[in-house]
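Take a look at the structure set out below.
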Amino acid sequence: MDREQHSGGTELGRYLRARRARVTPEEAGLPSGVGPRRTPGLHREEMATLAGISIDYVTRLERGKETHPSPSVVDSLARALRLEEAEHDHLRSLAAHAARSAPERATAPSRFVRPGARLLLEAMRPQPAHVVSRTGDLPAWNAGGLRLLAGMEDWQAKQRNIARYVFLHPAARDVFDDWGNQVRGCVARLRALAGTDPDAPDLIKLAGELLLKSPEFTRLWERYGLGCIRRGSRRPGQHRGPRRTRRHAHPTRRPLLLSRRRPKHHNGTATTDQPEE
């Protein structure tokens, strides 16, 4: 999938190494020592001390030679690495995946969209709507749903993908007033998928392309960040509901304030963007 995949080990080991490099001794409450450190972040022995496990065990985890950490070890590692809730959940998923036997060769999911879903898209006109896959592919849309993403209609149908658009299309930074959040969210969702299905052909193909073509994607991908995934969390006093509102600056139309709604029995694959009155 990426340049790390060919270095051996497991996704769990790579995640532990990446997160260890992002925590300083000072942040972990340890003395920084004398003189400059040759590598960023915590040393293996420091993470082992914080987690209450042996250095040898940490080494085997990071190299993929140990693939069955207990839940208590996973929780201890999460505390040592100062992981947030979503990152802690991701670590649990990686540990569970590492413990499973090697799966059969994965096949790419179908882009087939049921006729009923296509009829629903048309019935929603003139409101823009589209179907989005787990990797951000757009296998179906109505006219307004495609026009929301300026320039997307110029791409071939199989190339139409939200992540590809926000990183590679020159209009994306103008279309999304929160472009920085958009790209971080895309990477976080793809990283979460890599944790549970790292051999997914659709993910491997998309991530490989973006690693070659987008330095910004490469930078975010190698940080292993999941901070934009909030599983049910919200700020105090913030209403949890089906609507999200954002400003959409289409380059050839007047700016829109869009309210994003999910259908009542939403399965995570379709959204509608409705202009606010």
Side-chain angles (χ1 to χ4, degrees), residues 1-5 7-100 180-181 183-198 203 207 211 216-235:
M1 181 190 309
D2 58 30
R3 67 192 65 181
E4 296 168 334
Q5 192 176 49
S7 63
T10 61
E11 189 72 11
L12 171 63
R14 289 188 285 271
Y15 185 65
L16 289 174
R17 291 197 300 271
R19 298 300 308 195
R20 178 165 61 84
R22 294 176 59 181
V23 180
T24 67
E26 292 82 2
E27 290 173 334
L30 297 173
S32 58
V34 179
R37 297 169 71 92
R38 291 184 298 174
T39 57
L42 295 173
H43 294 159
R44 280 198 182 111
E45 58 267 26
E46 291 170 333
M47 185 169 78
T49 298
L50 290 168
I53 57 181
S54 70
I55 300 173
D56 178 66
Y57 193 76
V58 169
T59 300
R60 287 188 286 120
L61 279 173
E62 290 190 351
R63 293 179 177 175
K65 295 180 179 180
E66 171 56 56
T67 58
H68 292 78
S70 68
S72 62
V73 167
V74 171
D75 292 344
S76 295
L77 288 168
R79 287 192 295 270
L81 295 173
R82 304 173 65 84
L83 300 185
E84 297 181 358
E85 181 180 356
E87 295 163 341
H88 192 166
D89 288 344
H90 185 60
L91 181 62
R92 291 191 185 104
S93 296
L94 292 176
H97 186 272
R100 293 197 294 266
N181 287 332
V183 295
R184 286 191 293 272
C186 282
V187 173
R189 288 186 287 274
L190 293 176
R191 264 300 179 197
L193 176 59
T196 58
D197 195 3
L203 174 64
L211 284 164
E216 181 68 14
F217 178 85
T218 300
R219 182 183 68 82
L220 293 171
W221 184 257
E222 292 181 348
R223 284 177 60 86
Y224 278 75
L226 292 167
C228 289
I229 297 180
R230 306 297 183 193
R231 298 183 179 177
S233 63
R234 64 188 190 278
R235 295 186 298 273

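Nothing here was measured: the structure is a model prediction, and the numbers come from that model.
Between Ala18 and Glu222, the shortest heavy-atom distance links the atoms CB-O, 4.3 Å. Across all their heavy atoms, Val183 and Leu220 have their closest contact at CG2-CD1, 4.0 Å. Heavy atoms only, all atoms of each residue included: His88 and Leu83 are closest at N-CB, 4.0 Å. When every heavy atom of Gly41 is checked against every heavy atom of Pro25, the shortest pair comes out as O-CD, 4.3 Å. Between Thr67 and Ala98, the closest heavy-atom pair is CB-O, 3.4 Å. When all heavy atoms of Ala51 and Ala80 are compared, the closest pair comes out as N-CB, 4.0 Å.
Looking only at distances, no side-chain donor or acceptor of Arg82 sits under 3.5 Å from a matching main-chain atom of Ala28. For Glu27 (side chain) and Gly29 (main-chain N/O), no donor-acceptor pair under 3.5 Å exists by modelled atom type.
In this structure, CZ in Arg223 is found 8.0 Å from CZ in Arg19, a value given to the nearest 0.5 Å. One distance of note links CD1 of Ile55 with OG1 of Thr49; it measures 6.5 Å at 0.5 Å rounding. In this structure, CG on Leu50 lies 6.0 Å from CG on Leu42, to the nearest 0.5 angstrom. Rounding to the nearest 0.5 Å places CG of Leu193 at 11.0 Å from OG of Ser93.
Within the 4.5 Å cutoff, the side chain of Ile53 has heavy atoms near those of the Leu77 side chain. Between Leu61 and Pro69, some side-chain heavy-atom pair lies under the 4.5 Å cut-off. The shortest side-chain heavy-atom distance between Thr10 and His97 does not fall under the 4.5 Å cut-off. Using a 4.5 Å heavy-atom cutoff, the side chains of Leu30 and Thr24 are not in contact. Inter-residue side-chain proximity for Met47 and Glu62 is flagged as met; some heavy-atom pair is nearer than 4.5 Å. Side-chain atoms of Arg44 and Tyr57, non-hydrogen and from C-beta on, never get closer than 4.5 Å to each other. The shortest distance between side-chain heavy atoms of Leu91 and Leu12 falls below 4.5 Å.
Using a cutoff of 4.0 Å between basic side-chain nitrogens and carboxylate oxygens, Asp56 and Arg60 are scored as salt-bridged.
Just one of Arg191, Arg20, Glu87 meets the side chain to side chain contact (heavy atoms under 4.5 Å, CB included) condition when paired with Tyr15; it is Glu87.
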